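This one's a predicted model, so the numbers in the text were calculated from it and none came from an experiment.
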Amino acid sequence: MPHELPKSYEPGAIEMRWAEYWIKEKLFSVPTPPLGETRPVFTLLLPPPNVTGRLHMGHMLNQTQMDIIVRWHRMRGFITLWLPGTDHAGIATQMMVEKQLEKEGKKRREMGREKFVERVWEWKREYGGAILDQMKRLGASVDWDREYFTMDENLSHAVREVFVRLYEEGLIYRGNYIVNWCPWHGTAISDLEVKHEDVAGKLWEVRYPVIGTSEFITVATTRPETILGDTAIAVNAKDERYTHLHGKKVLVPLMNREIPIIIDELAQPEFGTGAVKITPAHDPNDFEAGKRHNLPQINVMDEHAHMNQNAGAYAGLDRFAARKRVLHDLREQGFLVAEKDYALAIGKCERCGTIIEPRLSEQWFIKIKPLADRAREAVESGEITIVPENYSTIYLNWMNNIHDWCVSRQLWWGHRIPAWTCGSCKEVIVAREAPAKCTKCGGAKLEQVPDVLDTWFSSGLLPFTTLGWPEKTRDQAVFYPTTLLITAYEILFFWVARMIMFGCHFMQGHEQDAAIKKASGWGDKRNDSVPFRQVYIHALVRDAERQKMSKTKGNVVDPLDVIERFGTDATRFTLAAMAAPGTDIAFNESRTEGYRAFANKIWNAARFMFMNVDRLSFVWGQPPSAVRPGQSPGSPDHEMGVSGFTVATLEDRWILSRFNRVAANVNDALATYRFHEAANSIYDFFWGEFCDWYLELIKPRLNFEEGADKSAAKIACANLVVLFDASLRLLHPVMPFITEEIWQAMHEGKPALKSIALAPYPQADEAQFDLAAETEMAILQDLIVNIRNLRAELKVEPKVKVPIEVFAHEPEIRRLIEQNRNSVLSDRTANVEKITFVEHSLAKLPGARSTARFDVHVVYERKIDVASECERLKKELERLEKGIGSGLRQLGNEQFLAKAPQNVVENLRKQQSELAVLKEKTVSKMKELGCG
Ligand SMILES: [Zn+2]
Ligand SMILES: [Zn+2]
């Protein structure tokens, strides 16, 4: 053991050092396990952050929980693989680089596709790793040797392979579809990239003349410019107001086009007039209705939301200018019936804020039903479990109502769709490599489709593509299915569901290595095509007032800032301790400050331990190895309880029992993701039991004076060391840095293992549970606390030893107190001079307490020697008056006042008033005592 830890605990320096050490030593790199491996395996895929990303509190929580679970498994002897990487994040990255170009006065379209993409790669090489560097600072124990980027050549190859296979299976098709369209970006964007806002808008009622009658049908709309693309009016079959109009036609105002009145559920009699206009090319619900009734789709806008030639007189106008003109004309021609205020929910592009236009365009789709059916089964059958369980219901509902997935994006950055259009015959050819000539007409003028794939397409494949797919690899046999996924609710559908669909489809027939599967606890019958066995959905981190963090509210807490001030360990501990299942975390910095103090407490306890080991070695010449903690580099999973601990006293029996119970709790809690319970139970044990009680109770035994009991001191010292070692290991997954620092110091910098992260995780040994010791200790603690409280009430000076009287209600209680007399007498606990047992109740006495098991009386009377106290007070008074006098002189000195800095003068004034208060107190005390 080295015997020096710096006096004060400074997380910054310690954490940086160990984070670098772990990476340099490749402690978390996992080579492919050979055939015949029989250890259990734990695999976890890091939800890849966007390459443009910066660490936020959500990541911090996610990373903390993953790292806790990963470190816990590793310490329990699992072959533990945590796979890191980043996502190319199509639209986000493209936009970031476009903005950069803008500053240089350049434009993407002028630059051309090839140059632009090269520029994005340059940006990625220079700035793309920022979030991973931040992860390194957090100590995330990932395998950096396996780091991937979703556009790496091998992953891109797998993406092409998947696309072609799906196409060949008839699961990919091209078609018109309503998509969320950002007119600024000129691309389809996913639902996830649309943010919804409530705004004050208008609802216009417009009437359509019914052909062959003098009647009108009135409908309401918030987007009157879409009238130009109407292809039907729908009414409900049950709506008797319209029964006589079934089968009739109406005239579209301003366009003079005839369109049918159709019967469809989309029209709700209780809503508005009960009739609705159908514009299949500009509304997703109308699009579906249009398909049901075979209606034409008339697109009246171009990709930048300008009206096109289908909009007749309005062609060329921007959509909002067109709206004004349309309204003006409707009013003039008598079609506008009413204009009402209306609360409108509009969707905006998350990245540029442009209002989304639902738009009909030609896109590539995945026929989702066959994939979804299997993915639904995987969760229904329990092949995949989702925690908390209520998310399974949400997932299943979604899978039951799933639509085909539009996978094409009109972007330049991403995986380009492996399809080529023939310049001569327009045939579209999907192929793994660029074809030399057209498969239909033999023409050689082929051009690759410009679209790229949705970012979620490639990330949906990661569980197997990162393990070498489409090759059949040993890595797949070992690490697939991955064990667990920890992620946020918001990507349950976009990412999690897609991984399940792709995994079940492409890994069909896959079998995990039988020996490993068995060792990992997955029965023989378990299906191995699923991408993971379990999904844990974590909560949100909100601000201290439970508000969602947002840039506009200005309440965003930057995790790096919190880490800077309190350390990574304390920040991690906060997130773990507050992560009760099913509730969001109201992040409160004062908690982090508290856990910083917890780290400090552990630090000081370690210094106390080192000091005693030193004394043992220097005073008595005992080699430090006499109290070295045990090490078991072999099979970490088999260490039960605390080995090398010698039970000599009640507090030894008690702490050993408590440690084992806490170990049982913590292991249980981690197995079910009750992070708060794990963290809090370690905290209560380490601070409340180990530091506050055990360390104090053993102090009398840690006596190195001449004539002291050497063997008792040695046992106490050794117990302290092995228990500290075990407690550090118990805490390590939550606070990896401080535990590593102290553990390395305890092992003299020459541990058999390179890191505490590879040491065994404490498992409860039920044989070391000791209920009797816990009960007895509770009684002693109760006695000591009562004496302390009485001492405080009686204002006994801390250093003064006092005699006590005890009335034990039962003989066993008396025996217990007698046997542990030293624990009560100690100046570290109750500082008692002498214990006298009496046979009568003490309850009524002043300075006494009565409990169910004992009465205790602190025998104390304040005695004061009046003469010497008066002498002391007189001297005190003289000192105070002198001080006041000199202060007055300075404050009366004009020269001093003119020269002295203001804060000096202020301090002096403050000091004067303080001295005056003290003087007054002293005078009144003297009066009380009757001093002359
Ligand atoms: Zn946009
Ligand atoms: Zn052709």
> With distance as the sole test, does Asp152 use its side chain to make a donor-acceptor pair with the main-chain N or O of Asn154 at under 3.5 Å?
Replying inline: no
> Given Lys195 and Glu350, is the salt bridge (Lys or Arg N to Asp or Glu O under 4.0 Å) satisfied, shown in steps?
Replying inline: CA-CA 5 Å; Lys195 61 168 193 250; Glu350 185 193 55; over 6 Å; no
> Nearest 0.5 Å, what's the NZ-CZ distance between Lys115 and Arg108?
Replying inline: 16.0 Å
> What's the spacing between Glu303 CD and Asn308 CG if we round to 0.5 Å?
Replying inline: 11.5 Å
> Between Tyr391 and Tyr489, what is the ring plane arrangement, given parallel below 30°, perpendicular above 60°, and tilted in between?
Replying inline: tilted
> Given Arg119 and Glu114, is the salt bridge (Lys or Arg N to Asp or Glu O under 4.0 Å) satisfied, shown in steps?
Replying inline: CA-CA 9 Å; Arg119 177 67 189 253; Glu114 209 169 304; over 6 Å; no
>> Between Arg325 and Leu317, is there a side-chain heavy-atom distance shorter than 4.5 Å?
In response: yes
>> Measuring only between side-chain heavy atoms, which start at C-beta, is Trp184 closer than 4.5 Å to Cys349?
In response: no
> Should the pair Lys136 and Trp144 be classed as cation-pi, given the thresholds of under 6.0 Å to the six-membered ring centre and 45° from the axis?
Replying inline: yes
> Would a distance-only check, ignoring hydrogens and angles, find a side-chain to backbone donor-acceptor pair under 3.5 Å from Asn62 to Ile486?
Replying inline: yes
>> I'd like to check the side chain to side chain contact (heavy atoms under 4.5 Å, CB included) partners of Ala372; sequence neighbours left out, ordered by chain and number.
In response: Met399, Ile402, Met501
> What about Tyr480 and Trp469, are their ring centers closer than 6.0 Å?
Replying inline: no
> Hey, are the side chains of Pro358 and Val179 touching, using non-hydrogen atoms and a 4.5 Å cut-off?
Replying inline: no
> With a 4.5 Å heavy-atom cut-off, do Phe532 and Val496 have their side chains touching?
Replying inline: yes
>> Is it the case that the side chain of Asp286 and the backbone of Thr279 share a donor-acceptor pair, with hydrogens and angles ignored and the cut-off at 3.5 Å?
In response: yes
> Any donor and acceptor pair, going by atom type alone, linking the side chain of Gln448 with main-chain N or O of Ile417 inside 3.5 Å?
Replying inline: yes
> Would a 4.5 Å heavy-atom cut-off, applied to side chains only, mark Thr483 and Gln534 as touching?
Replying inline: no
> Is a side-chain donor or acceptor of Thr465 paired with a backbone partner of Ala158 at a separation under 3.5 angstrom?
Replying inline: no
> Donor-acceptor pair, Asn285 side chain versus Leu266 backbone, under 3.5 Å?
Replying inline: no
> Got Met66 and Trp82 here, is their nearest side-chain heavy-atom distance under 4.5 Å?
Replying inline: yes
> Hey, are Arg160 and Glu153 close enough for a salt bridge, meaning a charged N less than 4.0 Å from a carboxylate O?
Replying inline: yes
> Side chains of Gln410 and Gln363: do they bring a donor and an acceptor to under 3.5 Å?
Replying inline: yes
> Angle class for the Phe149/Trp121 ring planes (parallel below 30°, perpendicular above 60°, tilted otherwise)?
Replying inline: perpendicular
> Does the pair Arg137/Asp133 count as a salt bridge with the N-to-O cut at 4.0 Å?
Replying inline: no
>> Just verifying a value: how many Å separate Glu102 CD and Lys107 NZ, rounded to the nearest 0.5 Å?
In response: 7.5 Å
>> Rounded at 0.5 Å granularity, tell me how far CG in Asp454 sits from NE2 in His415.
In response: 11.5 Å
> Are Arg572 and Asp67 close enough for a salt bridge, meaning some N to O gap below 4.0 Å?
Replying inline: yes
> Mind checking what makes ring pair (Phe, Tyr, Trp, His ring centres under 6.0 Å) contact with Trp412, not counting sequence neighbours?
Replying inline: Phe116
>> Taking Val530's backbone N and O only, do any of them form a donor-acceptor pair with Arg533's side chain (distance below 3.5 Å, no angle check)?
In response: no
>> Do the side chains of Asp584 and Arg542 get close enough for a salt bridge, i.e. N-O under 4.0 angstrom?
In response: yes
> Phe287: what forms a side chain to side chain contact (heavy atoms under 4.5 Å, CB included) with it, not counting sequence neighbours?
Replying inline: Tyr177, Ile178, Lys291, Gln297, Leu360
> For the side chain to side chain contact (heavy atoms under 4.5 Å, CB included) test, which of Arg319, Arg359, Met301 pairs with His282?
Replying inline: Met301
>> Tell me whether Glu427 contacts the main-chain N or O of Cys422 through its side chain, where contact means a donor paired with an acceptor under 3.5 Å.
In response: no
>> Is there a side-chain contact between Leu44 and Leu81 in this structure, where contact means two heavy atoms from C-beta onward sitting under 4.5 Å apart?
In response: no
>> Using every non-hydrogen atom in the two residues, find where Tyr167 and Val428 come nearest and quote the distance to one decimal.
In response: OH-O, 4.3 Å
> Would a 4.5 Å heavy-atom cut-off, applied to side chains only, mark Asn50 and Thr93 as touching?
Replying inline: no
>> Could you measure the distance from the CD1 atom of Ile346 to the OG1 atom of Thr222? Nearest 0.5 Å is fine.
In response: 10.0 Å
> Between Val379 and Ile386, is a side chain to side chain contact (heavy atoms under 4.5 Å, CB included) present by the stated rule, with each step listed?
Replying inline: CA-CA 8 Å; Val379 171; Ile386 304 181; 4.2 Å; yes
> Taking the inter-plane angle between the rings of His306 and His304 on a 0 to 90° scale, is it parallel (under 30°), tilted (30 to 60°) or perpendicular (over 60°)?
Replying inline: perpendicular
> How far does CG of Leu411 sit from OG1 of Thr187, to the nearest 0.5 angstrom?
Replying inline: 4.5 Å
>> A quick test of your reading: do over 12 heavy atoms of other residues, nucleotides or ligands sit less than 6.0 Å from CD of Glu168?
In response: yes
>> Would the distance check show the side chain of Gln476 and the main-chain N or O of Leu467 forming a donor-acceptor pair, the cut-off being under 3.5 Å?
In response: yes
> How are the rings of Phe365 and Tyr173 set relative to one another: parallel (under 30°), tilted (30 to 60°) or perpendicular (over 60°)?
Replying inline: parallel
>> Would you say the rings of Trp123 and Trp413 are close, in the sense that their centroids are separated by under 6.0 Å?
In response: no
> For the residue pair Phe457 and Trp405, does the interplanar ring angle fall in the parallel (under 30°), tilted (30 to 60°) or perpendicular (over 60°) class?
Replying inline: tilted
> Hey, is CD on Glu433 packed in by over 12 heavy atoms from elsewhere, all under 6.0 Å?
Replying inline: no
> Given the rule in the side chain to side chain contact (heavy atoms under 4.5 Å, CB included) test, do Leu540 and Ile585 qualify, once you have shown the distances and angles that lead to the verdict?
Replying inline: CA-CA 6 Å; Leu540 287 178; Ile585 292 174; over 6 Å; no
> Distance only, no hydrogens: is a donor on one side chain within 3.5 Å (strictly under) of an acceptor on the other, for Thr86 and Lys124?
Replying inline: no
>> Does Leu83 form a side chain to side chain contact (heavy atoms under 4.5 Å, CB included) with Val142? I'd like the steps, not just the answer.
In response: CA-CA 6 Å; Leu83 254 166; Val142 300; over 6 Å; no
>> Set out, in order, the CA-CA distance, both residues' side-chain angles and the distance that settles side chain to side chain contact (heavy atoms under 4.5 Å, CB included) for Leu575 and Met60, then state yes or no.
In response: CA-CA 8 Å; Leu575 291 169; Met60 182 74 202; 3.3 Å; yes
> Would you say Thr221's side chain and Arg223's backbone share a donor-acceptor pair under 3.5 angstrom?
Replying inline: yes
> Near Lys553 NZ, under 6.0 Å, is it more than 12 heavy atoms from other residues, nucleotides or ligands?
Replying inline: yes
>> One thing to verify: whether Arg125 and Glu118 come together as a salt bridge, which I'm taking to mean a side-chain N less than 4.0 angstrom from a carboxylate O.
In response: yes
> Applying the side chain to side chain donor-acceptor pair (under 3.5 Å) test to His505, which of Glu169, Arg165, Arg374 qualifies?
Replying inline: Glu169
